[in-house]
Amino acid sequence: MDWGTLHTFIGGVNKHSTSIGKVWITVIFIFRVMILVVAAQEVWGDEQEDFVCNTLQPGCKNVCYDHFFPVSHIRLWALQLIFVSTPALLVAMHVAYYRHEAARKFRRGDKRNEFKDLEDIKKQRVRIEGSLWWTYTSSIFFRIIFEASFMYVFYFLYNGYHLPWVLKCGIDPCPNLVDCFISRPTEKTVFTIFMISASVICMLLNVAELCYLLLKVCFRRSKRAQTQRNHPNHALKESKQNEMNELISDSGQNAITGFPS
Amino acid sequence: MSWMFLRDLLTGVNKYSTGIGRIWLAVVFIFRLLVYMVAAEHVWKDEQKEFECNIKQPGCENVCFDHFFPISQVRLWALQLIMVSMPSLLVVLHVACCDSREKRHRKKLYVSLGVMDGGLWYTYLISLIVKTGFEIGFLVLFYKLYDGFSVPYLMKCDLKPCPNTVDCFISKPTEKTIFIFFLVITSCLCIVLNFIELSFLVLKCLIKCYLQKHSKTLKSSVCECHNLRYIECGGIGAPPLLQNCHSDSAISTLHTPEPPPSQGKTKLLCDSQEGWQGESASFLSKT
């Protein structure tokens, strides 16, 4: 189980995303996951080994390291990436449920004119409308919340995004105020700023996608209202025809009930 | 052999799970397996090297580490993941066994993929109960072994060969505590999902049984009007089919290949308790 598996899970959602959503997935996997795996993990690899305190007192280094780094940067980024990618699974689940229902209706004989066969249902790209629109919008909203929360946690835990080269530590069992030196502080600062910037870009993409979806819905509604105003009889006829069709299909089903299939 | 093997095995279970079962699988894959592999494993990587006791006596650190951590938390976590995933394989085995029977009898014993009835229902239920048992068992074990779910920064040790009570310092205690709490929360979430799925399955079955009985009473009262005796048998999870009652004789057969029934008697074949094997007969006869 690794990042590749997450990519497989999330990649499946790609088909049903908007263009901005596709850009977001690309940014996540290339500028964040890949950078984390190939670069950041190497930089932080020896973080505790090379964390040195100016004392021979056993235990002082451990305690000081634990105080200044309650959670390592790379672990926090890994958790952030997992939490930020997970809302996309809501969309995947909703699409899977929609397809399951469509397949069930197809087997019953309801949607034969819409789909040729079951394979057609699986291949069809589901449009972001109706309840899927709500699921998709909620997933984007949760993504934004998670991104912002993790950025705040980072800021709160490390007093900013800059790593100093020396820290003063006076916690028991350290005998006095000792100097503790972090390994590679500049390189770590560079990567921290890079990851934070990528986070901000992802957040902006999410906000843009949210606005795009909201505007799309508003335009669609105003267009529908306009059509109804221009052709009120046509709209009324259509709705009556739909009602008739439903009645016919219902009565047809009742006639079939009780006969073995 | 690695975690990918477990992942591939579990992916096969997805086909035969309920909706809640699929959510459970997603939680296990993403919030437990993935977090374990990309984050938690690295936190415990240097746990013994960085375990330091305030003493130069050789062997004291080793003995104290072994006393406080008889089994590493991260290894217990891995064991828990494996044991909790295993019961789902019972379902896969059951279906594989079914498939081989289908091939031998050369007929479809199963209604369709993903439909759970008869024996598969019981297998699925047992796997849920065993899964939940393992989850709770491991949580209790964790709690008992480490005196709670938090990792202290300092432990006092006075085992031989340590000459007196020495202070021993654990590396990264806060980070370890955070990940252990993460593990406990996801475990509890999985337990809740299992309970919901269990209740859902049992309730669904009870409702089906009630509807069966209700339709049976209705049927018998209608058939008695027409002086017809009606006996029906349908197992748990086996939906009976409604039939048209006719004064002379009635109803059509469901599953072939029985010969046409004799006059005054018809055979109705419905799914048995086994679900895919054989059919039980129900007779409608004129009194």
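Chain naming here is simple, since letters A, B, ... match the order of the sequence lines and numbering starts at 1 in each.
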Using non-hydrogen atoms only, which part of [X] is less than 4.5 Å away from chain B: side chain, backbone, both, or neither?
{"X": "Glu49(A)", "result": "both"}
{"X": "Leu76(A)", "result": "neither"}
{"X": "Ser72(A)", "result": "both"}
{"X": "Phe83(A)", "result": "side chain"}

Can you tell me if [X] has over 12 outside heavy atoms packed within less than 6.0 Å of its [atom1]?
{"X": "Tyr155(A)", "atom1": "OH", "result": "no"}
{"X": "Phe68(B)", "atom1": "CZ", "result": "yes"}
{"X": "Tyr97(A)", "atom1": "OH", "result": "no"}
{"X": "Phe141(A)", "atom1": "CZ", "result": "no"}
{"X": "Phe142(A)", "atom1": "CZ", "result": "no"}
{"X": "Leu56(A)", "atom1": "CG", "result": "no"}
{"X": "Lys204(B)", "atom1": "NZ", "result": "no"}

So, for Pro58(A) and Phe169(B), which heavy atoms are closest and what is the spacing to 0.1 Å? O-CE1, 3.4 Å
From [X] atom [atom1] to [Y] atom [atom2], the distance as rounded to the nearest 0.5 Å:
{"X": "Arg75(A)", "Y": "Phe179(B)", "atom1": "CZ", "atom2": "CZ", "value": "6.5 Å"}
{"X": "Tyr65(A)", "Y": "Glu175(B)", "atom1": "OH", "atom2": "CD", "value": "6.5 Å"}
{"X": "His42(B)", "Y": "Glu47(A)", "atom1": "NE2", "atom2": "CD", "value": "11.5 Å"}
{"X": "Leu34(B)", "Y": "Ile82(A)", "atom1": "CG", "atom2": "CD1", "value": "4.0 Å"}
{"X": "Lys172(B)", "Y": "Gln48(A)", "atom1": "NZ", "atom2": "CD", "value": "5.0 Å"}

Please classify the contact of [X] with chain A as side chain, backbone, both or neither, using a heavy-atom distance under 4.5 Å.
{"X": "Cys168(B)", "answer": "neither"}
{"X": "Lys176(B)", "answer": "neither"}
{"X": "Ile170(B)", "answer": "backbone"}
{"X": "Asn54(B)", "answer": "both"}

Relative to chain B, which of Ala96(A), Cys60(A), Pro70(A), Ala78(A) shows the most heavy atom pairs under 4.5 Å? Pro70(A)
Looking at Asn62(A) and Glu50(B), would you say the former's side chain and the latter's main chain have a donor-acceptor pair under 3.5 Å? yes
Any donor-acceptor N/O pair, Asp66(A) side chain to Thr174(B) backbone, under 3.5 Å: yes
